[in-house]
Amino acid sequence: MRTTMTGPGRAARAAAAVVGAILVAGCGGGDAVRAGAATPAAPAAPTPAAAPTAFGKEAVRADLAAATAAAGLPGKTTPLTPTRPVSPDPADLPTTDRERARDEVVARMAECSVGWSSPTDPGSAQDPAEARKQFHSALAGLVERGWKESRPVEEVALDKGSMVMAQYKKQEWTLHARHFTSGMLGMASMTATEDACAARFTDAELDLLED
């Protein structure tokens, strides 16, 4: 049975859950929402007089892009406003109430998050040791940009490979970074989630993300 969380605890859990729910499921093509999911309405364009957010999605995305580029780590950040494909494949549409509910939560959570992921096409394969080195260099770049380590970097042994996991905080954002290697296969992702936005999700909704 999962423990009910509130405040910062729920925000941290949401930040961890969104890594798999958004990046792994849908970042390959740059769309954070699966075809057929409910798509949040695009925010209204700011007026010329509107003051910029002190540290919002644009600033977080800039940090991710700068840190990974400086490290020579290939990849791309997710759109600030996720969109679904124009012509979704009917085979990708959710078929059960639970799947539809999960897709709705994923779509809403995408509005709270900014992500970066490495390319997954066969022609983008890197030397695993070099890719891991670049990943650690990107983490160091995040620290240089004010992200504070909130959980020690951990490497977990997996069957035929390993995964490095790290967690950072900057102002009201929590960032999870992962780098997975198995043989010649490697994949990296970084997801930053706004704490206040993530904390509004219920435990039942987070359960859907973790399924």
(request) Show your working on side-chain contact (heavy atoms from CB on, under 4.5 Å) between R178 and M190 and close with a plain yes or no. (result) CA-CA 6 Å; R178 296 183 180 183; M190 300 182 187; over 6 Å; no

(request) Report the C-alpha distance between H136 and V153 in whole Å, list the side-chain angles of each, state the deciding distance to 0.1 Å, and finish with yes or no for side-chain contact (heavy atoms from CB on, under 4.5 Å). (result) CA-CA 10 Å; H136 281 286; V153 177; 4.2 Å; yes

(message) side-chain contact (heavy atoms from CB on, under 4.5 Å), that's the test. Do Q134 and T68 meet it? Break it down for me.
(response) CA-CA 8 Å; Q134 291 174 330; T68 53; over 6 Å; no

(message) One pair to check against side-chain contact (heavy atoms from CB on, under 4.5 Å): Y168 and K148. What are the steps and the verdict?
(response) CA-CA 5 Å; Y168 297 87; K148 307 293 184 183; 5.9 Å; no

(request) May I have the step-by-step check of salt bridge (Lys or Arg N to Asp or Glu O under 4.0 Å) for E194 and K57, ending in yes or no? (result) CA-CA 8 Å; E194 186 180 22; K57 294 182 75 171; over 6 Å; no

(request) Take D97 and R100 through the salt bridge (Lys or Arg N to Asp or Glu O under 4.0 Å) test and state the conclusion after the steps. (result) CA-CA 5 Å; D97 289 343; R100 283 188 284 271; 2.7 Å; yes

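Between L175 and L64, the closest side-chain pair of non-hydrogen atoms falls below 4.5 Å. The shortest side-chain heavy-atom distance between T174 and Q167 falls under the 4.5 Å cut-off. Taking 4.5 Å as the limit, some side-chain heavy atom of R132 sits within range of a side-chain heavy atom of H179. The shortest distance between side-chain heavy atoms of E155 and M165 does not fall below 4.5 Å. By the 4.5 Å heavy-atom criterion applied to side chains, S189 and F180 are not counted as neighbours. Contact check for L206 versus M109: side-chain heavy atoms found under the 4.5 Å cut-off.
In terms of heavy atoms, G141 sits closest to A67 at C-CB, 4.0 Å. Between R151 and E149 the shortest heavy-atom distance is O-CG, 3.2 Å. Nearest heavy atoms, R145 versus A66: NE-CB, 3.4 Å. Nearest approach of L208 to R102, heavy atoms of both residues: O-NE, 3.2 Å. The two residues V60 and A192 have their closest heavy-atom pair at CG1-CB, 3.5 Å. Nearest approach of W116 to L73, heavy atoms of both residues: CH2-CD2, 3.4 Å.
Among residues two or more places apart in sequence or in another chain, the salt bridge (Lys or Arg N to Asp or Glu O under 4.0 Å) test is passed with E130 by none. Partners of R61 under the side-chain contact (heavy atoms from CB on, under 4.5 Å) rule, at least two apart in sequence or in another chain, are T77, L80, V114.
A donor-acceptor contact under 3.5 angstrom links the side chains of W147 and D63, judged on distance only. Between K160 and S182, the side chains place no donor N or O within less than 3.5 Å of an acceptor N or O (distance only, hydrogens not considered).
Ring planes of F55 and W173: perpendicular class, angle over 60° (limits at 30 and 60°).
Of the inter-residue distances, the one linking R200 atom CZ with C112 atom SG reads 6.0 Å to the nearest 0.5 angstrom.
Proximity of a side-chain donor or acceptor of S137 to a complementary backbone N or O of A71 within less than 3.5 Å is not detected. Checking side-chain atoms of S162 against main-chain N and O of L158 turns up no donor-acceptor pair under 3.5 Å.
Within 6.0 Å of CD in E172 there are 12 or fewer heavy atoms belonging to other residues, nucleotides or ligands.
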